[in-house]
**Student:** 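Pasting in a structure now, in structure tokens, and then I'll have a few things to ask.
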2 protein chains.
Amino acid sequence: MRLPPPNALRAFEAAARHEGFIGAADELHVTRGAISRHVKLLEDHLGTPLFSRHAKGVTLTEAGRRLQSVLTDAFGRIAAETSRIATDAADLRIICPPAMSIRWLLPRLDDFRSRNPDLRVRLTTDFHGRDGFDAIEYDVGFSVENWSRTAPTAMMPLFDIPLVPACTPSIAARLSAPSDMAGETLLHESESHRDWTDWQTAFAVPGLDPTAGDAFPNLDMATRAAVMGTGVVMADLTLCRDEIESGALVLPFPDMVTASPMGRGCLIGGADTWDTPKVRRFREWLGEVVAAEA
Amino acid sequence: MRLPPPNALRAFEAAARHEGFIGAADELHVTRGAISRHVKLLEDHLGTPLFSRHAKGVTLTEAGRRLQSVLTDAFGRIAAETSRIATDAADLRIICPPAMSIRWLLPRLDDFRSRNPDLRVRLTTDFHGRDGFDAIEYDVGFSVENWSRTAPTAMMPLFDIPLVPACTPSIAARLSAPSDMAGETLLHESESHRDWTDWQTAFAVPGLDPTAGDAFPNLDMATRAAVMGTGVVMADLTLCRDEIESGALVLPFPDMVTASPMGRGCLIGGADTWDTPKVRRFREWLGEVVAAEA
DNA sequence: ATCATGGATCAGGTTTTCTGATCCTAGAGG
DNA sequence: CCTCTAGGATCAGAAAACCTGATCCATGAT
């Protein structure tokens, strides 16, 4: 791959686009003479004129036209990609599951934004499945300790994920023993039914099928269904604190709490970006918030 | 379009491709330090590292990988196009219709080639229709005076194109008057039947339908069909001199010669390349050949 | 523990590039 | 027909970018 002098290519491309050397000179903040020289250099390199010169300016030759179309396209791609990279490097890209986003992060994120007005924060909540988490590019993400990842990862534990059944007071009134829940609709945060299955592994309630009931796309919707009196949700105490405090949801068996086998909730990030200023600022803010609420 | 320093891009691209600065330094004929500096400059410009450094070299970061794929592709296109332009500028590209090529140019072209061993000659004969002539890129082409062209054209007349019927002696023996040709198969150089139509416009032979007979893709094949005794071809005397001299073809009505309404055969070329050394050398050689044979 | 590899850094020198003035050409306008 | 003007070409001197070559540094291999 033998490339002509890159600066000459850029000067020529600008000249071709402006159909004149003066416009190119303005764009590149140099003088006409510099453009003239660059173009000449490139023409010498290629052994053929790229412009035909007249008294009133220049017009592209066939070779010049061909070269310009390639250059304009190529430079456009490069400019697009470099600006994308620069933007991504400047912004803080956060990835966070739906329930965590809507019930925990978003209400607190305004505080971070106002403390860091120079940092643009981009939150992605709309991703699907486990693959999505690895496929999307982000700086930090909210996940769990036992997440298996391919890329080297840095991690910061945030809080426990206590699982406990929750429902409306009217349903709770019908539940005198844990096995009574078999008669209610179980609400699942996903088709996998892992929430109730994990809990049942810990407590082995007789007669309770942990895969029965209704499945939702995420925990937020399952919890909202519970508030509407649809059934019993396997609640994450951290994420339904509001409903518990307001009395919209109650815990019929408050001692039957188990920690998610996936481990604590935590912030994860790429090992190479973990110590960049923008990520460190977020980590420090997050640490303070969690410590203040614990 | 805000482009990072082009030289830094090139240095980075080479480093990324070689997965190390030393390889890139060799490729670009500079020292490691220069590459290191360029990469650092680019990283500063983008605000993010493109390589992660370890003791044993470097590996691309995600941003680096993304940038490299764009750059390698873009530089590849640029390199391909520039080398194509340079090659086209160095070579002499001739376009010439089939019969003219095979019957006139090729036998003489070896002489030009041996006189100009430094000049690579590329002959294109396989083009189709009138559009093709304008669409193909070439330095000089063999055509006729009355060619209507869009691009500004320089022109050098070469010789007349005398049209006259020709056939084998055995067919000629059956032709006592021009109108007898109506009983023979007329051989056409193309589906347009222009050769016989033009000739008939000049001589108005009674009973002769100038669109009757067999059509061939070019005059060479029509002439060869005539030699095989298939019929009467509207011969170009310049191009079937061999057959006339050997007696394979004869002219039953040697006085009924008319010049092609398209004008003389001539060499054409782009106004902008007409005076380049390679085209001038060809023009001068061609002028000598035509003068010597006239 | 030592070596080898590969990158980072820096002062100094070289090359490239830019500037700013001036020249040149051909079409526009009188 | 002459002058004017827009836009490119050219050149010497100045500025900037760039490269070199030596040296330093970190780490994995022997």
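Lettering of chains follows the sequences in order, A, B, ..., and the numbering in each one begins at 1.
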**Student:** Measure the distance from CG on B:Asn7 to P on D:dA16 and round it to the nearest whole Å.
**Tutor:** 17 Å

**Student:** My validator wants the stems of DNA chain D: runs of 3 or more consecutive Watson-Crick or G-U pairs, both distances under 3.5 Å, written as range with range.
**Tutor:** C:1-30 with D:1-30

**Student:** Might you work through the side-chain contact (heavy atoms from CB on, under 4.5 Å) test for A:Phe112 and A:Leu286, ending with a clear yes or no?
**Tutor:** CA-CA 9 Å; A:Phe112 179 76; A:Leu286 195 62; over 6 Å; no

**Student:** Look at A:Asp91 together with A:Lys278 and state whether they make a salt bridge at an N to O cut-off of under 4.0 Å.
**Tutor:** no

**Student:** Between the side chain of B:Glu43 and the main-chain N/O of B:Phe51, is any donor-acceptor distance below 3.5 Å?
**Tutor:** yes

**Student:** Using a cut-off of 4.0 Å on non-hydrogen atoms, how would the nucleic acid contact of A:Gly33 be classed: base, sugar-phosphate, or nothing?
**Tutor:** base

**Student:** Under a 3.5 Å distance rule, please check whether B:Thr125 uses its side chain to pair with a backbone N or O of B:Pro97 as donor and acceptor.
**Tutor:** no

**Student:** Between C:dC10 atom C1' and B:Lys40 atom NZ, what is the distance in whole Å?
**Tutor:** 13 Å

**Student:** Rounding to an integer number of Å, can you tell me how far A:Phe12 CZ sits from D:dG8 C1'?
**Tutor:** 16 Å

**Student:** Do B:Phe282 and B:Asp139 come close enough that some side-chain heavy atom pair is under 4.5 Å?
**Tutor:** no

**Student:** For B:Ile35 and A:His38, take the nucleotide of DNA chain C holding the closest heavy atom to each; which residue's nucleotide lies nearer the 5' end?
**Tutor:** B:Ile35

**Student:** Is it true that A:Arg66 and A:Glu62 make a salt bridge, defined as a side-chain N closer than 4.0 Å to a carboxylate O?
**Tutor:** no

**Student:** Can you confirm whether B:His18 sits close enough to B:Val58 that some side-chain heavy atom of one is under 4.5 Å from a side-chain heavy atom of the other?
**Tutor:** no

**Student:** Round to a whole Å and report the spacing from NE2 of A:His29 to C1' of D:dA15.
**Tutor:** 18 Å

**Student:** Without decimals, in angstroms, what is the distance between A:His18 NE2 and D:dA6 P?
**Tutor:** 20 Å

**Student:** What string of B, S and - do you get for nucleotides 22-30 of chain C, 5' to 3', if B is base contact, S is sugar-phosphate-only contact and - is no contact with any protein heavy atom under 4.0 Å?
**Tutor:** ---BB----

